[in-house]
Amino acid sequence: MIRLLLADDETMIRAGVAAILASDKDISVVAEAGDGREAVAQALATRPDVALLDIRMPGLDGLAAAEEIRRLLPGTGVIMLTTFGEDDYIERALGLGASGFLLKAGDPRELLSGIHAVADGAAFLSPKVASRVIARLSGGRLSRGAAARDRIAALTAREREVLTLLAAGLSNADIASRMFVVEGTVKAHVSTILNRLGARNRVQAAITAYEAGLVGGDEAAAGG
């Protein structure tokens, strides 16, 4: 069972999202919040597996709440709910350690898939969000590509293989199955990869893989 915290300042949107989540027997909404401060308090009280946060909330916004939750509860995955035109917010959230980005107006199936992916230790970008992030990255890809390749050069061949699969959106369990190793080995590789790349989470590592040319835009959009 995936224990989830849902935070959005609009009551009707929160109710609509909760109704979608209720259709999945493996997801349980253990707490709701109407602003960032309440979200942090509820996260500490309930210790959810995943926190689903609206980016723009009064008082303490979703970005600040995400930063606090990631600092206080590193085992809780954070997914940001966004709308079109919030690209700058998305980039900031990447730096704060969010693992998923979903559009409020997106397909409900993406919402459920994203929650399952993040709960399983993977990253998830709504394809439409991913395409916008990749488009912004493409503008400076040449200059960033060299730096990304330098960072990836510090990885072993095995670690590069893990990074490529991670960037394609595979969970630790999926990577282990693909590479015929135990999941604990994959977790150890991922930890080493994040440290060597200076990445705070799997999304940042995936972006580095994209900038370095390990994966293409279509793969990054599909897997986050």
Side-chain angles (χ1 to χ4, degrees), residues 63 66-67 70-71 74-80 82 87-102 113-114 116-224:
L63 292 173
E67 184 175 21
R70 291 294 299 151
R71 182 178 66 84
T76 296
V78 173
I79 300 175
M80 308 304 302
T82 70
D87 300 34
D88 290 336
Y89 288 105
I90 294 171
E91 290 188 28
R92 287 171 56 196
L94 279 171
L96 295 176
S99 297
F101 300 88
L102 295 164
S113 295
H116 278 276
V118 171
D120 196 33
F124 188 91
L125 292 177
S126 162
K128 291 182 180 179
V129 173
S131 65
R132 294 170 72 91
V133 172
I134 289 170
R136 288 174 70 99
L137 289 174
S138 296
R141 183 173 180 179
L142 291 179
S143 60
R144 285 194 293 265
R149 287 189 292 274
D150 284 344
R151 291 199 297 275
I152 286 176
L155 303 179
T156 66
R158 196 67 161 167
E159 288 164 355
R160 284 195 294 273
E161 183 180 0
V162 171
L163 175 61
T164 301
L165 295 173
L166 178 158
L170 274 68
S171 68
N172 288 345
D174 292 333
I175 295 172
S177 177
R178 185 78 62 90
M179 296 178 66
F180 302 104
V181 298
V182 298
E183 189 172 348
T185 299
V186 175
K187 289 181 179 179
H189 280 315
V190 171
S191 178
T192 300
I193 289 167
L194 296 183
N195 286 332
R196 290 183 176 174
L197 295 182
R200 293 186 61 175
N201 59 27
R202 298 167 74 101
V203 176
Q204 290 184 354
I207 288 175
T208 298
Y210 165 74
E211 291 175 337
L214 285 185
V215 293
D218 291 340
E219 292 171 285

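Here the structure is a predicted model, which means the values were calculated and not measured.
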E211 and A148 have their tightest heavy-atom pair at CB-CB, 3.9 Å
One should read off an interatomic distance between I193 CD1 and R158 CZ, to the nearest 0.5 angstrom, of 11.0 Å
### Query
Do M179 and L165 come within less than 4.5 Å of each other through their side chains, counting heavy atoms only?
yes
Looking only at heavy atoms, the pair that brings S113 and F124 closest together is CB-CE1, 4.2 Å
For A199 and A205, the nearest pair of non-hydrogen atoms, with its separation, is CB-N, 3.8 Å
Please confirm whether the backbone N or O of S99 pairs with a side-chain atom of R202, one donor and one acceptor, at under 3.5 Å? no
In this structure, CZ of R178 is separated from CG of D174 (nearest 0.5 Å) by 7.5 Å
> Any donor and acceptor pair, going by atom type alone, linking the side chain of S177 with main-chain N or O of A173 inside 3.5 Å?
Replying inline: no
Smallest heavy-atom separation, L163 atom then A209 atom, equals CG-CB, 3.9 Å
Separation between CG (L166) and CG (L194), nearest 0.5 Å, reads 7.5 Å
CD of Q204 to OG1 of T208, rounded to nearest 0.5 Å, is 7.5 Å
Exactly one candidate in L197, I152, T192 meets side-chain contact (heavy atoms from CB on, under 4.5 Å) with E159; the answer is T192
Subject >> Sidechain-backbone polar pair: R70 side chain, V78 backbone, donor-acceptor under 3.5 Å >> reply: no
Note: N172 and E183 closest approach over all heavy atoms is CB-OE2, 3.7 Å
In terms of heavy-atom contacts, I175 and V162 come closest through CD1-O, 4.1 Å
Determine yes or no for a side-chain-to-main-chain donor-acceptor pair under 3.5 angstrom, with D120 supplying the side chain and A122 the backbone.
no
